*Asks:* 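Pasting in a structure now, in structure tokens, and then I'll have a few things to ask.
In this text the structure is predicted, and so the values were computed from the model without any measurement.
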2 protein chains.
Amino acid sequence: MGIADRKERDKEELRDRILVAAKSLFLEKGVEKTSIRNIADRIEYSPGIIYHYFRDKNEIFHALHQGGFIQLMEKMQVLATVRHPMERLKAMGSVYITFAMENPDMYDLMFIKEAPIDHVFNSEHDAWKEGGGTFNYLRMTIDDCIKVGHFAGHDPEALSYMVWATVHGLVSLSIRKRCEVVLPHRQDQIVKDGLEEFYKILDRL
Amino acid sequence: MGIADRKERDKEELRDRILVAAKSLFLEKGVEKTSIRNIADRIEYSPGIIYHYFRDKNEIFHALHQGGFIQLMEKMQVLATVRHPMERLKAMGSVYITFAMENPDMYDLMFIKEAPIDHVFNSEHDAWKEGGGTFNYLRMTIDDCIKVGHFAGHDPEALSYMVWATVHGLVSLSIRKRCEVVLPHRQDQIVKDGLEEFYKILDRL
DNA sequence: AAAAATAATTAAACACTGTTTAATTTTACA
DNA sequence: TGTAAAATTAAACAGTGTTTAATTATTTTT
């Protein structure tokens with residue numbers, strides 16, 4: 001049944017084109033300010049067609065959200081080559097922050113925007129399988145650090161959350177422009193400088 | 001000129017009523033989902049009137065933003081009684097996080113939402129005089145810590161940013177519901193537990 | 001006190017938004 | 001080729017922020 005296959009492919013292709021258009025628009029003007037009509041215009045279809053491929057605007061957001069985590073996970077692959085757990089932990093921070101600074105809008109989509117987390121719950125945490133995966137990897141790395149003598153007296157889970165919070169704080173304050181006013185000089189560098197301070201602390205634990 | 005004074009007061013009063021209505025609606029349903037018509041309904045005026053007191057919706061947001069910083073600054077006053085700098089630093093973290101968890105929507109408004117930071121710049125950083133004030137106080141506290149022998153080898157400014165980032169990360173991940181999926185148990189406690197881990201680290205520096 | 005000027009307030013419109021509906025076109029299969 | 005099914009669209013609905021001109025209320029001047 002080649003015809004049915006081709007139809008399947010066509011459908012898939014249009015779905016992809018919607019996602020590509022939505023992504024570039026979301027990253028260009030933000031989710032809120034991108035309208036269904038904007039997306040439809042860009043792919044040269046009528047607005048209604050989008051509702052044949054996605055239940056609503058949130059579902060589009062959700063699909064992109066998921067893609068971002070896969071992207072981040074791929075960047076994390078290089079960490080497998082870092083032998084020492086503490087070095088691996090620090091490298092993880094660098095990968096995380098580099099990803100965030102190179103793709104600020106995607107990071108915003110994944111970790112800052114509030115929009116459709118309910119969606120995540122409804123679809124049985126699909127979108128966060130990857131997000132959870134990244135966090136679990138952090139958790140495992142910290143477990144490894146403890147095994148070789150670091151972080152004595154700490155609770156691994158709460159500590160993992162704190163480490164995540166620190167790198168998230170560094171990038172999210174920058175992305176949402178909260179340090180521009182408080183630190184008018186060195187805006188570009190402050191995130192990496194802050195990370196360096198964190199490394200200095202980790203080196204003493 | 002009592003008449004002019006009364007007119008002035010009336011004008012001021014209506015401005016305040018708009019702000020009170022806007023605040024409760026913003027905190028109830030979020031900024032995005034609160035319409036000018038909603039605000040007008042609540043004060044029993046027509047929508048147009050709001051544009052005689054505020055240039056646009058952002059200017060309302062801006063006014064509330066400013067109020068939040070004053071509120072936070074007031075909560076910080078108790079820190080003056082904490083003698084030892086490191087204790088003061090930790091107490092600052094607790095005040096900050098308590099404020100955020102007790103007023104999550106206001107915190108969101110102040111530190112997470114992206115809306116009108118341009119506005120902040122246009123009005124010569126008025127809204128962030130208070131925000132900057134809080135950061136400067138953190139910076140001073142860390143300077144005091146260094147004076148009594150803590151944080152050897154650290155850059156005070158970058159370190160201040162990192163400390164701020166950590167507490168901000170702890171609360172903002174929680175407020176934007178990013179830990180609910182990753183840490184399905186202990187959602188309520190994880191922020192304070194994370195802060196505890198941070199304190200344990202500070203105690204060793 | 002009446003008329004003119006000024007200010008406060010509103011109704012109505014504009015150009016958008018997400019989403020749903022019914023109608024229309026295109027495609028696939030008998 | 002005709003018919004059933006699918007894909008696509010146009011049109012409508014109820015909402016949005018904002019601007020405009022008109023209207024009402026108040027103050028000032030004559």
*Asks:* Where the side chain of A/Y51 is concerned, which of C/dT9, D/dT9, C/dT20 is the nearest nucleotide?
*Replies:*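 Of the options given, the side chain of A/Y51 lies nearest C/dT20.
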
*Asks:* Using only atom types and a distance under 3.5 Å, with no angle test, would you say the side chain of A/Y161 pairs donor to acceptor with the backbone of B/L170?
*Replies:*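 Yes, because the side chain of A/Y161 sits within donor-acceptor range (under 3.5 Å) of the backbone of B/L170.
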
*Asks:* Please report the closest heavy-atom contact between A/G93 and A/V167, naming both atoms and the distance.
*Replies:*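 So the two residues come closest at CA-CG1, 4.3 Å.
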
*Asks:* Find the distance A/I39:CD1 to C/dT19:C1' and express it as a whole number of Å.
*Replies:*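 Result: 13 Å.
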
*Asks:* Return the value, rounded to whole Å, for the distance between atom NZ of A/K57 and atom C1' of D/dT16.
*Replies:*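 Checked: the NZ to C1' distance equals 12 Å.
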
*Asks:* What's the CD1-C1' distance between B/I49 and C/dA11, to the nearest Å?
*Replies:*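 B/I49 atom CD1 is separated from C/dA11 atom C1' by 13 Å.
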
*Asks:* Do B/D144 and B/K147 meet the salt-bridge criterion of a basic N to acidic O distance under 4.0 Å?
*Replies:*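 Salt bridge between B/K147 and B/D144, a charged N being under 4.0 Å from a carboxylate O: yes.
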
*Asks:* Using atom CG of B/D56 as one end and atom P of D/dT16 as the other, report the distance to the nearest whole Å.
*Replies:*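 That distance rounds to 17 Å.
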
*Asks:* Select from A/K33 and A/G48 the residue whose nearest nucleotide in DNA chain C is closer to the 5' end of that strand.
*Replies:*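 Comparing both residues, the 5'-ward one is A/K33.
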
*Asks:* May I have the distance from A/E32 (atom CD) to C/dT17 (atom C1'), rounded to whole angstrom?
*Replies:*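 Atom CD in A/E32 sits about 11 Å away from atom C1' in C/dT17.
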
*Asks:* How many whole angstroms separate atom CD1 of B/I50 from atom P of D/dT16?
*Replies:*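 Spelled out: CD1 on B/I50 to P on D/dT16 is 12 Å.
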
*Asks:* Is B/R139 paired with B/D143 through a side-chain N to carboxylate O contact shorter than 4.0 Å?
*Replies:*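 Yes.
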
*Asks:* Side-chain N or O of A/Y53 versus OP1/OP2 of D/dT8: is the shortest distance under 4.0 Å?
*Replies:*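 Yes, A/Y53 has a side-chain N/O under 4.0 Å of OP1/OP2 on D/dT8.
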
*Asks:* Under 4.0 Å between a side-chain N or O of A/S46 and OP1 or OP2 of D/dT8?
*Replies:*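 No, no such contact exists.
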
*Asks:* For the side chain of B/H52, counting heavy atoms from C-beta on, which of D/dG17, C/dT19, C/dT10 is nearest?
*Replies:*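 Output: C/dT10.
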
*Asks:* Do B/Y53 and B/Y45 have their ring centres less than 6.0 Å from each other?
*Replies:*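 Between B/Y53 and B/Y45, the centre distance exceeds or equals 6.0 Å.
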
*Asks:* Taking donor-acceptor contacts at under 3.5 Å, does the side chain of B/R37 reach the base of D/dG15?
*Replies:*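 Between D/dG15 and B/R37, which were checked side chain against base, a qualifying N/O pair under 3.5 Å is absent.
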
*Asks:* Just how far, in rounded Å, is C1' of D/dA7 from CD1 of A/I18?
*Replies:*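 One finds 12 Å between C1' of D/dA7 and CD1 of A/I18, rounded.
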
*Asks:* Choosing from C/dT17, C/dT9, D/dT8, which nucleotide comes nearest the side chain of B/L14?
*Replies:*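 Out of C/dT17, C/dT9, D/dT8, the nucleotide with an atom closest to B/L14's side chain is C/dT9.
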
*Asks:* To the nearest angstrom, how far is B/E59 atom CD from D/dT18 atom C1'?
*Replies:*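 Nearest whole value for this atom pair: 14 Å.
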
*Asks:* Is A/N38 near enough to C/dT17 that one of its side-chain N or O atoms lies under 4.0 angstrom from OP1 or OP2?
*Replies:*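 Yes, such a contact exists.
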
